[in-house]
Amino acid sequence: MELKKYKLADIGKVITGKTPSTSIAENYAWGTIPFYTPEDVAKGLGMMGRNSRFISKTGFEEIASNTISGESVLVGCIGSDMGNVAYSNITCATNQQINAITQFKNGIDPLYVYYLLSTMKSYFQKIAGSTTTPILPKSVFEEIEIHLPDMKKQKDVVSILYALDRKIELNKRINDNLEAMAKQLYDYWFVQFDFPNEEGKPYKSSGGAMVWNEKLKHEIPQKWSDCVLGDYIGRITNGLNPRKNFVLGNGNNYYVTIRSLVGTTIDWNNCDRCDDEALSKINSRSQLQIGDIIFSAIGTIGRTYYILEEPTNWNISETSFTLRAKENVPNDFFYGMLRSNEIQIKADKAAMGSTLRCLVMDSLCSLQYIEIPSYMMKLFAAKVSPLYRQIHRNNKEIAELTKQRDELLPLLMNGQASVNSD
């Protein structure tokens with residue numbers, strides 16, 4: 001495969017982002033223009049439509065010369081986000097920790113550049129230096145050299161990789177919808193109390209009797225009562241940190257930390273490794289089994305993972321709890337409860353500390369909550385069980401497709417694998 005050498009500055013316009021003044025409320029109020037940060041860039045092709053920050057037209061105009069439009073490739077250029085790459089094809093803005101290539105010249109496929117730069121994370125980190133907070137400034141970024149084939153080859157490679165990524169993204173969006181349905185149903189039944197009454201009608205909306213509960217400080221259905229979260233928990237423990245117990249970096253088993261818990265799944269590519277001896281030591285404490293729920297307890301509180309397959313080659317750090325429901329509490333209900341907005345908010349408020357927030361077991365178990373009748377827990381579990389299992393199947397397919405893509409990517413880029421486009 002014949003390749004031609006380019007500097008990044010030669011294939012398009014390089015722009016470093018900028019943050020509109022945060023002291024001017026109008027820059028953000030009712031904003032509709034996406035404003036991307038390194039956290040968004042880490043999502044790759046899945047970045048668009050998944051960001052949480054927006055700026056207004058006023059804010060956009062303030063930083064107009066630092067914004068991007070049309071097909072663009074974004075690269076995180078500072079700290080731990082160094083070398084993360086994302087793609088955008090809309091008008092947007094980024095903060096100053098991101099360099100973007102936009103306004104691509106003829107003969108350059110932006111998606112090919114996205115995939116190529118995705119293979120260069122270690123190189124970006126290397127040239128940024130070994131300071132406490134490595135930075136890759138625009139002046140250095142523009143001088144980085146890459147090698148590109150002709151346009152036809154670029155498009156052939158993109159056709160393979162992008163097809164895999166579209167399927168991955170479709171599964172993620174399906175999972176988002178399934179998760180939203182489960183959370184909405186929980187809220188409808190156990191926050192608004194419109195669970196089906198004996199006639200199958202919404203309880204509260206149909207005039208179901210409600211009574212004030214002094215401990216919970218709100219009304220609950222008549223004949224229901226209050227309890228603490230610990231009344232639903234049969235067992236709570238956590239994993240193990242290395243310290244003098246074991247050493248990370250060796251072996252083929254996965255060591256799951258809070259950063260590995262993403263949405264409804266575990267990002268296996270973002271896990272440390274440990275050997276069989278270390279795994280055995282951790283498991284003697286966590287004793288993970290099917291049906292357990294992982295619940296993060298330090299930093300970001302309440303990230304969860306529902307174990308639906310035997311955890312034979314992974315375990316968790318000390319920064320997460322493993323929660324097991326009591327025998328009379330269905331696992332699917334238990335998981336839905338722990339992921340509900342109400343429990344997430346309560347758990348977050350119960351955490352201590354400011355710089356590094358921490359939730360202790362006693363605080364989680366002592367959270368005041370409603371005592372939901374057993375038959376209602378079982379009815380809810382039956383409704384959401386198919387949703388959770390479909391999410392799990394989709395996550396497995398995502399992992400398989402991601403593995404295929406990541407194995408193909410460097411081979412296609414260096415010419416070791418070719419595309420038959422005939």
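What you see is a predicted model, and the numbers here were worked out from it, not measured in a lab.
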Original post:
Please walk me through it: do Glu318 and Arg243 pass salt bridge (charged side-chain N to carboxylate O under 4.0 Å, His left out)?
Top reply: CA-CA 11 Å; Glu318 204 171 81; Arg243 297 192 183 97; 3.0 Å; yes
**OP:** Could you grab the distance from atom OH of Tyr186 to atom CD1 of Ile372, nearest 0.5 Å is fine?
**Re:** 4.0 Å
Original post:
Does CD belonging to Glu310 count more than 12 external heavy atoms closer than 6.0 Å?
Top reply: yes
**OP:** Go through the side-chain N and O atoms of Asn283 and Asn315 and say whether any donor and acceptor fall under 3.5 Å apart.
**Re:** yes
**OP:** Might you point out which heavy atoms bring Gly12 and Ile101 nearest each other, and give the distance in Å?
**Re:** CA-CG2, 4.2 Å
**OP:** Starting from the C-alpha separation in whole Å, work towards a yes-or-no answer on side chain to side chain contact (heavy atoms under 4.5 Å, CB included) for Ile68 and Cys92.
**Re:** CA-CA 6 Å; Ile68 55 180; Cys92 60; 3.4 Å; yes
**OP:** Before accepting this row, confirm whether a basic side-chain N of the pair Asp156/Lys152 lies closer than 4.0 Å to the acidic partner's carboxylate O.
**Re:** yes
Subject >> Step-by-step side chain to side chain contact (heavy atoms under 4.5 Å, CB included) determination, Ile294 to Leu288 >> reply: CA-CA 9 Å; Ile294 308 302; Leu288 297 182; 3.8 Å; yes
Original post:
Quick one: do Asp332 and Arg389 make a salt bridge, cutoff under 4.0 Å?
Top reply: yes
Original post:
Has the side chain of Asn99 got a donor or acceptor atom that lies under 3.5 Å from a matching backbone atom of Leu136?
Top reply: yes
**OP:** Could you tell me whether the side chain of Arg303 and the main chain of Ile258 form a donor-acceptor pair under 3.5 Å?
**Re:** yes
Subject >> Glu309/Lys396 ion pair, N-O < 4.0 Å >> reply: yes
**OP:** Sort out for me which residue in Ile233, Ile316, Leu364, Thr237 forms a side chain to side chain contact (heavy atoms under 4.5 Å, CB included) with Phe321.
**Re:** Leu364
**OP:** Go through the structure and list residues passing ring-ring contact (aromatic ring centres under 6.0 Å, His included) with Phe54, not counting sequence neighbours.
**Re:** none
Original post:
Taking everything shown except Met151 itself, do over 12 heavy atoms lie less than 6.0 Å from its CE?
Top reply: yes
**OP:** Could you pull out all residues at least two apart from Tyr115 that satisfy ring-ring contact (aromatic ring centres under 6.0 Å, His included)?
**Re:** none
Original post:
So does Glu39 have more than 12 non-hydrogen atoms from other groups sitting under 6.0 Å from CD?
Top reply: no
Original post:
Tell me, do Leu178 and Tyr388 make a side-chain contact under 4.5 Å, heavy atoms counted?
Top reply: no
**OP:** Measure from the side-chain N and O atoms of Asn414 to the backbone N and O of Pro410, and report whether any donor-acceptor pair falls under 3.5 Å.
**Re:** yes
Original post:
Checking Ser296 side chain against Gly302 main chain: does a donor-acceptor pair fall under 3.5 Å?
Top reply: yes
**OP:** Return each pair, listed once, that meets salt bridge (Lys or Arg N to Asp or Glu O under 4.0 Å) where at least one residue sits in residues 81-110; pairs must be two or more places apart or across chains.
**Re:** Asp109-Lys155
Subject >> Spacing of Phe190 atom CZ and Tyr369 atom OH [to the nearest 0.5 Å] >> reply: 8.0 Å
Original post:
For Lys18, which residues count as a salt bridge (Lys or Arg N to Asp or Glu O under 4.0 Å) partner, sequence neighbours excluded?
Top reply: none
Original post:
Shortest non-hydrogen contact from Phe246 to Leu248?
Top reply: CE1-CD2, 3.7 Å
Original post:
Partners of Arg166 by salt bridge (Lys or Arg N to Asp or Glu O under 4.0 Å), sequence neighbours excluded?
Top reply: none
**OP:** Could you check if a side-chain atom of Phe193 sits within less than 4.5 angstrom of a side-chain atom of Phe195, using non-hydrogen atoms only?
**Re:** yes
Subject >> Polar contact flag, side-chain donor to acceptor under 3.5 angstrom, Asn252-Arg273 >> reply: no
Using a 3.5 Å cut-off and no angle test, enumerate the donor-acceptor pairs between side-chain atoms of residues 350-363 and protein atoms at least two apart in sequence or in another chain.
| residue | atom | partner | partner atom | Å |
| --- | --- | --- | --- | --- |
| Arg357 | NH1 | Asp348 | OD1 | 2.8 |
| Arg357 | NH2 | Asp348 | O | 2.5 |

Subject >> Salt bridge flag under 4.0 Å for residues Arg259 and Asp272 >> reply: yes
Subject >> Interatomic spacing from CG in Asn175 to CG in Asn394 - rounded to 0.5 Å >> reply: 4.5 Å
Subject >> Flag, side chain of Asp292 to backbone of Gln289, donor-acceptor distance under 3.5 Å >> reply: yes
Subject >> Partner of Thr94 by side chain to side chain contact (heavy atoms under 4.5 Å, CB included), out of Thr19, Leu74, Val75 >> reply: Leu74
Subject >> NZ/Lys383: more than 12 non-hydrogen atoms of other groups inside 6.0 Å >> reply: no
Subject >> Distance, nearest 0.5 Å, that separates CG of Asp10 from CD1 of Ile108 >> reply: 9.0 Å
Original post:
Going through the checks in order, is the salt bridge (charged side-chain N to carboxylate O under 4.0 Å, His left out) test met by Asp276 and Lys281?
Top reply: CA-CA 9 Å; Asp276 292 343; Lys281 287 181 178 179; over 6 Å; no
Subject >> Residues that Glu179 engages under salt bridge (Lys or Arg N to Asp or Glu O under 4.0 Å), provided they are two or more places apart >> reply: Arg339
Original post:
Going by atom types alone, do Thr37 and Asp40 pair a side-chain donor with an acceptor below 3.5 Å?
Top reply: yes
Subject >> Distance-only polar pair, side chains of Asn253 and Asn313, donor-acceptor under 3.5 Å >> reply: no
Original post:
Which residues satisfy the side chain to side chain contact (heavy atoms under 4.5 Å, CB included) test with Lys121, sequence neighbours excluded?
Top reply: Asn84, Gln125
Subject >> Polar side chain donor-acceptor pair, Ser260 to Asn270, under 3.5 angstrom >> reply: no
Acceptor/donor pairs from residues 137-149 side chains to any protein atom, 3.5 angstrom cut, sequence neighbours excluded:
| residue | atom | partner | partner atom | Å |
| --- | --- | --- | --- | --- |
| Lys138 | NZ | Val14 | O | 3.3 |
| Glu143 | OE1 | Lys7 | NZ | 2.8 |

Original post:
Considering residues at least two apart in sequence or located in another chain, which fulfil the side-chain hydrogen bond (donor to acceptor under 3.5 Å, both in side chains) criterion with Asn95?
Top reply: Gln97
Subject >> Qualifying residues under ring-ring contact (aromatic ring centres under 6.0 Å, His included), relative to Tyr306, sequence neighbours excluded >> reply: Tyr335
**OP:** For Asn328 and Ser374, test the side chains for any donor-to-acceptor distance below 3.5 angstrom and give the result as yes or no.
**Re:** no
Original post:
side chain to side chain contact (heavy atoms under 4.5 Å, CB included) between Gln390 and Leu387: does it pass, once the steps are laid out?
Top reply: CA-CA 5 Å; Gln390 185 61 54; Leu387 305 183; 5.9 Å; no
**OP:** Evaluate the side chain to side chain contact (heavy atoms under 4.5 Å, CB included) criterion for residues Ile11 and Phe104: first the C-alpha distance (whole Å), next the side-chain angles of each, then the deciding distance (0.1 Å), finally the verdict.
**Re:** CA-CA 6 Å; Ile11 64 173; Phe104 284 89; 4.0 Å; yes
Subject >> Any side-chain donor near an acceptor of the partner, Thr264 and Asn395, under 3.5 Å >> reply: yes
Subject >> Side chains of Pro38 and Ile98 in contact at under 4.5 Å (non-hydrogen atoms) >> reply: yes
Original post:
Residues two or more places apart in sequence or in another chain: which of them pass salt bridge (Lys or Arg N to Asp or Glu O under 4.0 Å) with Lys167?
Top reply: Glu397
**OP:** State whether Glu169 and Arg173 are salt-bridged, where the test is any N-O pair (Lys NZ or Arg NE/NH1/NH2 against Asp/Glu carboxylate O) under 4.0 Å.
**Re:** yes
